[in-house]
Protein chains: 2
Amino acid sequence: MTTVETDESFGGVTPDAARRLLLGAVQAFAERGFHATTTRDIAGRAGMSPAALYIHYKTKEELLFHISRVGHERSVAVLTEAAQSTGATRRAGGGAREESTGGSAPRLARAVRAFVRWHAEHHTTARVVQYELAALDAEHYEHIVALRRRSEEILRGVLEDGVATGEFDIADIRGTALAVMSLCIDVARWFSPEGRRTPDEIGALYADLALRMAGHRA
Amino acid sequence: MTTVETDESFGGVTPDAARRLLLGAVQAFAERGFHATTTRDIAGRAGMSPAALYIHYKTKEELLFHISRVGHERSVAVLTEAAQSTGATRRAGGGAREESTGGSAPRLARAVRAFVRWHAEHHTTARVVQYELAALDAEHYEHIVALRRRSEEILRGVLEDGVATGEFDIADIRGTALAVMSLCIDVARWFSPEGRRTPDEIGALYADLALRMAGHRA
DNA sequence: GTCTATAACAGGATAGAC
DNA sequence: GTCTATCCTGTTATAGAC
């Protein structure tokens with residue numbers, strides 16, 4: 001949770017050189033975009049010659065895929081954990097669901113807050129993850145799209161639960177879930193550590209906005 | 001308002017060749033991004049040789065700037081018009097404002113609906129306008145940022161008015177305005193004409209969501 | 001205004017020494 | 001595993017004929 005984001009997301013990557021390359025690539029891609037970034041730039045940031053890059057990654061695109069994959073996995077994990085009921089959730093007979101501890105409202109609030117925090121704290125990674133997908137090759141792109149669908153489904157599930165229990169009042173669940181996702185994702189585009197709000201403050205504000213969007217009766 | 005967006009935004013551009021280049025560039029930039037687009041590609045789409053491009057635009061970046069400028073001007077105009085009171089708005093003594101015809105709630109709804117519609121209907125242009133700014137040179141970038149601030153201020157103004165009249169209940173006006181902008185802008189990222197909703201349906205949904213975010217008492 | 005041809009150069013990826 | 005040197009392709013932008 002450093003403010004000068006050195007992004008611990010890739011802390012566990014094995015050869016030290018590979019990790020440095022990943023970190024350099026994330027920064028370069030976030031600043032300039034994938035296509036405007038040269039392999040010389042990436043290698044330079046990692047303190048290596050351009051050639052050394054190819055020992056660890058077959059192409060520049062593979063580097064992007066690695067970043068995208070790990071980034072998406074992290075953000076899905078953050079969302080999944082936060083969206084869980086604190087106790088267990090059991091399905092009741094007719095398809096409606098009973099909550100044991102956390103109702104849908106706190107689950108939604110926790111999910112949005114955590115997801116937004118992740119996008120703000122890791123805005124460098126998140127920017128690459130969210131806005132450079134088009135540069136992936138077809139196969140890698142499909143892999144990532146599958147991960148993205150998971151996030152959407154998780155969020156939609158929380159909204160569905162809340163409507164079923166009467167906590168939420170939503171006309172268009174799918175559309176609202178998409179809108180809440182939009183809101184969270186867009187944080188990566190504009191967030192700056194120099195801005196007037198901390199990641200957690202934005203998370204708290206957005207959690208409140210999401211509850212309002214869900215028609216939560218305060 | 002064609003579904004197969006041929007984007008009338010640039011209909012008035014004077015030499016026919018210049019307009020075709022602009023249109024080709026918008027499509028190419030939206031599909032591949034600025035840096036991944038070649039001048040050959042743009043010229044090809046306009047039915048010209050690469051060299052002909054430089055008669056009409058000094059550089060590829062100038063083409064992007066032109067698109068960005070016109071696009072921003074259009075979207076600001078759309079937002080401004082929609083956010084106006086239908087009658088005149090007069091300031092009352094203490095800084096609070098009286099509405100004559102349209103209250104703040106319908107103004108917010110109209111503004112969001114129109115802004116979202118624009119981003120959906122012109123999603124090709126909008127994508128370039130919103131996501132390729134980083135490729136502009138410093139001077140051009142500043143020009144565009146000034147236009148963007150205008151949009152934010154317009155939206156914030158509507159929220160402030162609504163809070164002053166008691167129509168809205170907002171703790172953090174600036175943050176909420178930013179969030180509503182986010183929501184609208186992000187439409188350009190994911191909208192597809194093949195999707196299940198029309199631009200106007202999305203606009204209507206988002207207008208409702210914005211009212212909820214603003215704490216409008218229905 | 002548009003074309004063909006080309007200058008001038010940058011960038012991804014590899015070869016081969018160490 | 002890393003370096004230096006380099007290949008080779010593709011790119012922006014210009015020159016000069018029509």
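Throughout, protein chains are lettered first and strands after them, A, B, ... in sequence-line order, and every chain is numbered starting at 1.
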Between [N] ([atom2]) and [X] ([atom1]): distance, integer Å:
X     : N      : atom1 : atom2 : value
A:I55 : D:dC3  : CD1   : C1'   : 9 Å
A:F29 : C:dG11 : CZ    : C1'   : 13 Å
B:E62 : D:dA13 : CD    : P     : 10 Å
B:R19 : C:dG1  : CZ    : P     : 14 Å
B:H35 : D:dT11 : NE2   : C1'   : 14 Å
B:L21 : C:dG1  : CG    : P     : 12 Å
A:Y54 : D:dA5  : OH    : P     : 18 Å
A:H56 : D:dC3  : NE2   : C1'   : 13 Å

Identify whether any heavy atom of A:S49 sits under 4.0 Å from a base atom; if not, whether one sits that close to sugar-phosphate; answer base, sugar-phosphate or nothing.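 Base: the residue A:S49, judged by heavy atoms under 4.0 Å, touches a nucleobase.
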Can you identify which nucleotide, out of [options], has its nearest atom closest to the [X] side chain?
X     : options               : result
B:T59 : D:dG1, D:dA13, D:dT14 : D:dA13
A:T38 : D:dA13, D:dC3, C:dG11 : C:dG11
B:M48 : D:dG1, C:dC3, C:dG12  : C:dC3
B:T39 : D:dT12, C:dC3, D:dA13 : D:dT12
A:R40 : C:dG11, C:dG1, D:dT14 : C:dG11
B:A51 : C:dC3, D:dA13, C:dG1  : C:dC3

Counting only heavy atoms not in B:E81, do more than 12 sit closer than 6.0 Å to its CD atom?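 12 or below, so no.
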Distance only, no hydrogens: is a donor on one side chain within 3.5 Å (strictly under) of an acceptor on the other, for A:H72 and A:R148? yes
Are side-chain N/O atoms of B:H119 and B:Q130 paired as donor and acceptor at under 3.5 Å?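 Side chains of B:H119 and B:Q130: pair found under 3.5 Å.
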Find which nucleotide of DNA chain D each of B:T37 and A:A17 is nearest to by heavy atoms, and output the residue with the more 5' nucleotide. A:A17
Does the pair B:E121/B:R117 count as a salt bridge with the N-to-O cut at 4.0 Å? yes
With a 6.0 Å cut-off on ring centres, are A:F34 and B:H35 close enough?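 Between A:F34 and B:H35, the centre distance exceeds or equals 6.0 Å.
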